[in-house]
Amino acid sequence: MRNKTVLIFFGCVLAVAVALAAEGAGKPAAENGSSAASAATPAPAMPPSPLFDRLGTQPDVIYLIANSSVVFGPDPHGRSEEITFLGPVTVPKWPMPGYGRRVLPDGRQQIDIELTQSELTGESYVLNGPVVLGEHPDLRSLGTITERPRTAPASNGTSADNNNNNNKDSNNKDNAAAATPAVTPVASKNPAGAPQAASEEVPADFVVERKVLLTTAKGILYNETAVPVRGRIDAIPPVKFEGTPTGVNVFRGMELPVALLDREGNVNGWFYSKAHMAYAVLPAAIERSFIKGTVQLKSGDKTENVEVSGPAEIHHQSVPGSGETTMEVMMLALRGHSQLLGGDIMVTETFGDRDHFSRGQLNWQGANADSKFDLFVDVYTPSAKLSTKQPLTLAGQLVDCKINGHLEKGKLNLPLLSGKAQFTTNAAQLLYDESEKPVVEVGKLQLNVAERM
């Protein structure tokens, strides 16, 4: 009897299940399987973005030039100096693993980025040697790129930011397209010179919380408090060319000064508020040379010839060939000793992004070229930094110039040039201190490029 009861019970359950299945078969598919369908539906795709849709899964590698005002020592009111750093920086970003992309409440899109593997080198007058700016192994420099609201072009046929040809950068756009296929120009102009449609003008806001590790002759320094570095960009990677609109693809440090700590965690330096700016360039070739020369200084009835030497970096608009090309002195650090100026001095190139550009032309005949260029200089002395208001004009010849290697890192591949040269100026220029007082006159400057670094 008990076994019959169990069989009757299971028979009833089976009948109910069959009846429910038959009822479900007669209903629409959407109603019948709504929960299962929703579980299998993928997340909605991101809206289209001219700036983000073409990004690849490899990190960008940019060649960065940066100028930072640094105080070495615990006193934030101590003497500051402006150091020009140059070198490659690796920038991983979305869609690489670990970096997100999102839509903000106002409809703009945003991606995550990071600065890693910086290999930036500069020269310090105060420390009398090189300073290497890299990444702290434990403190990350994280940031975002965020689309800006789209705006209509100006009615007069120019963009809201007029093009400014006075940018301290490369002007070789063809080389940029060949060397960095991930470049995504957004606010470029068509051949007729008219702006593209407003829907294609999508500049973005760039911000990164910058933390670095400085390797100096006096030890390691780093910042725990991040320096917010901000800028407005129109391409990824954000290379600054000669035709880039003013203020675009330039990054400036904010909320300064920021303390630099030594290995023991003590304050032993500062990122000072006087200058903190950077941008990426893409020259056709780089010339890194060691220079020896003399600088003639005059003050009243006193004249002194000072021997100077040190590294220089020159960017070329094209590799050696024929015709006229453009070059620019990006970094100079020539050290010497002057009785007239009271001790050790260092002659440097004046960093600027709007008004001071040490540029010139090369007229090629095979591997040789006649050259003439302007050189804006600062001279660090024991008591002050002196600067020219007008450039020194140098002329000479570059001999036996050739490609002697490549700077290769990720997508970046820049030819390295070597050669011999001698440049001379005979036109005098006054050097002024920071209160605009004339201090000394540069009567003659002779530079001999003897070897590649």
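Just so you know, these numbers use all the heavy atoms, side chains as well, and skip hydrogens, waters and symmetry mates.
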## Note on the structure
Heavy atoms of Gln109 and Pro47 approach each other most closely as NE2-O, 2.7 Å
#### Entry: Residue pairs involving residues 269-283 (criterion salt bridge (Lys or Arg N to Asp or Glu O under 4.0 Å); sequence neighbours excluded)
Lys274-Glu434
### Message
Just verifying a value: how many Å separate Glu287 CD and Met327 CE, rounded to the nearest 0.5 Å?
### Response
7.0 Å
### Message
Which residues pass the side chain to side chain contact (heavy atoms under 4.5 Å, CB included) test with Arg140, not counting sequence neighbours?
### Response
Tyr99, Glu114, Leu142
With a cut-off of 3.5 Å and sequence neighbours excluded, list every side-chain donor-acceptor pair involving residues 391-400.
| residue | atom | partner | partner atom | Å |
| --- | --- | --- | --- | --- |
| Thr393 | OG1 | Asp374 | OD1 | 3.1 |
| Gln397 | NE2 | Asp370 | OD1 | 3.3 |

#### Entry: Of all pairs that satisfy salt bridge (Lys or Arg N to Asp or Glu O under 4.0 Å), the ones with a partner from residues 128-139, not counting sequence neighbours
Glu135-Arg210
### Query
How would you list, by chain and number, every residue that makes a ring-ring contact (aromatic ring centres under 6.0 Å, His included) with Tyr222, sequence neighbours excluded?
His136
### Task
For the pair Arg148 (side chain) and Asp205 (backbone), establish whether a donor and an acceptor sit closer than 3.5 Å, ignoring hydrogens and angles.
no
### Query
Step by step, would you call Ser68 with Ile83 a side chain to side chain contact (heavy atoms under 4.5 Å, CB included)?
CA-CA 5 Å; Ser68 295; Ile83 300 178; 5.7 Å; no
### Task
Please examine the side chains of Ser289 and Ile314, heavy atoms only from C-beta on, and report whether any two atoms are closer than 4.5 Å.
no
### Message
Can you give me the closest heavy-atom contact between Pro74 and Asn268, atom names plus distance?
### Response
CD-OD1, 3.6 Å
### Message
Test of understanding: with side chain to side chain donor-acceptor pair (under 3.5 Å), list the residues that count as partners of Thr325, not counting sequence neighbours.
### Response
Trp364
### Message
Checking Asn266 now: which residues fulfil side chain to side chain contact (heavy atoms under 4.5 Å, CB included) with it, not counting sequence neighbours?
### Response
Asp262, Glu264
### Query
Side chains of Leu221 and Leu261: closer than 4.5 Å at any heavy-atom pair?
no
### Message
Using the side chain to side chain contact (heavy atoms under 4.5 Å, CB included) definition, which of the options Thr146, Thr144, Leu51, Leu55 pairs with Ile111?
### Response
Leu55
### Query
What's the spacing between Leu334 CG and Lys292 NZ if we round to 0.5 Å?
12.5 Å
### Side-chain heavy atoms of Leu282 within contact of Leu414, under 4.5 Å
yes
### Task
Search all heavy atoms of Pro238 against all heavy atoms of Ile233 and return the closest pair with its distance.
CB-CG2, 3.6 Å
### Query
Between Glu123 and Pro130, what is the shortest heavy-atom contact and its length?
OE1-N, 3.7 Å
### Within-4.5 Å side-chain heavy-atom neighbours: Tyr63 and Leu86
yes
### Message
Less than 4.5 Å apart, side chain to side chain, heavy atoms only: is that true for Leu375 and Leu332?
### Response
yes
#### Entry: Glu349 side chain to Thr84 side chain, donor-acceptor N/O pair below 3.5 angstrom
no
### Task
Ignoring hydrogens and angles, tell me if any N or O in the side chain of Trp270 forms a donor-acceptor pair with the backbone of Val70 under 3.5 Å.
no
### Query
Do Ser358 and Phe373 have side-chain heavy atoms sitting under 4.5 Å apart?
no
### Message
Can you list everything that forms a side chain to side chain contact (heavy atoms under 4.5 Å, CB included) with Glu119? Sequence neighbours excluded, please.
### Response
Pro88, Lys409
### Message
If you define the side chain from C-beta out and look only at heavy atoms, does anything of His276 sit under 4.5 Å from Ser69?
### Response
no
### Approximate separation, where rounding is to 0.5 Å, of Leu362 CG and Cys401 SG
8.0 Å
### Summary
salt bridge (Lys or Arg N to Asp or Glu O under 4.0 Å) pairs touching residues 312-324, sequence neighbours excluded, are Arg288-Glu313
### Query
Got a sec, which residues hit side chain to side chain donor-acceptor pair (under 3.5 Å) with Ser387, two or more places apart in sequence or on another chain?
Asp378
### Query
Taking the side chain from Ser141 and the backbone from Lys211, do they hold a donor-acceptor pair closer than 3.5 Å?
yes
### Message
Would the distance check show the side chain of Thr216 and the main-chain N or O of Lys218 forming a donor-acceptor pair, the cut-off being under 3.5 Å?
### Response
yes
### Summary
Here the pair of heavy atoms bringing Lys93 nearest to Gly56 is NZ-O, 4.3 Å
### Backbone of Asp344 reached by a side-chain donor or acceptor of Tyr125 within 3.5 Å
yes
### Query
Atom NZ of Lys389 and atom CD of Gln429: how far apart are they, to the nearest 0.5 Å?
11.0 Å
### Message
Check whether Gln58 reaches the backbone of Lys411 with its side chain - one donor and one acceptor, N or O, closer than 3.5 Å.
### Response
no
## Note on the structure
In short, Thr350 meets Val377 closest at the heavy-atom pair OG1-C, 3.2 Å
### Task
Kindly compute the distance separating CE (Met330) from CD1 (Ile286), expressed to the nearest 0.5 Å.
9.0 Å
### Task
Would you check if Ile145 and Phe52 make a side-chain contact, meaning some heavy-atom pair closer than 4.5 Å?
yes
### Message
Applying side chain to side chain donor-acceptor pair (under 3.5 Å) as the test, list every pair that has at least one member in residues 71-80; sequence neighbours left out.
### Response
none
### Task
Apply the test side chain to side chain contact (heavy atoms under 4.5 Å, CB included) to residues Val379 and Val347: give CA-CA distance (whole Å), side-chain angles for both, the deciding distance (0.1 Å), then the verdict.
CA-CA 5 Å; Val379 179; Val347 180; 4.2 Å; yes
### Message
Are more than 12 heavy atoms, taken from residues, nucleotides or ligands other than Tyr380, located less than 6.0 Å from that residue's OH atom?
### Response
yes
### Query
Of all residues at least two apart in sequence or in a different chain, which pass the side chain to side chain donor-acceptor pair (under 3.5 Å) check with Asn223?
none
### Query
What is the distance from atom CZ of Phe85 to atom CG of Leu64, rounded to the nearest 0.5 Å?
11.0 Å
### Query
Checking Asn249 side chain against Asp234 main chain: does a donor-acceptor pair fall under 3.5 Å?
yes
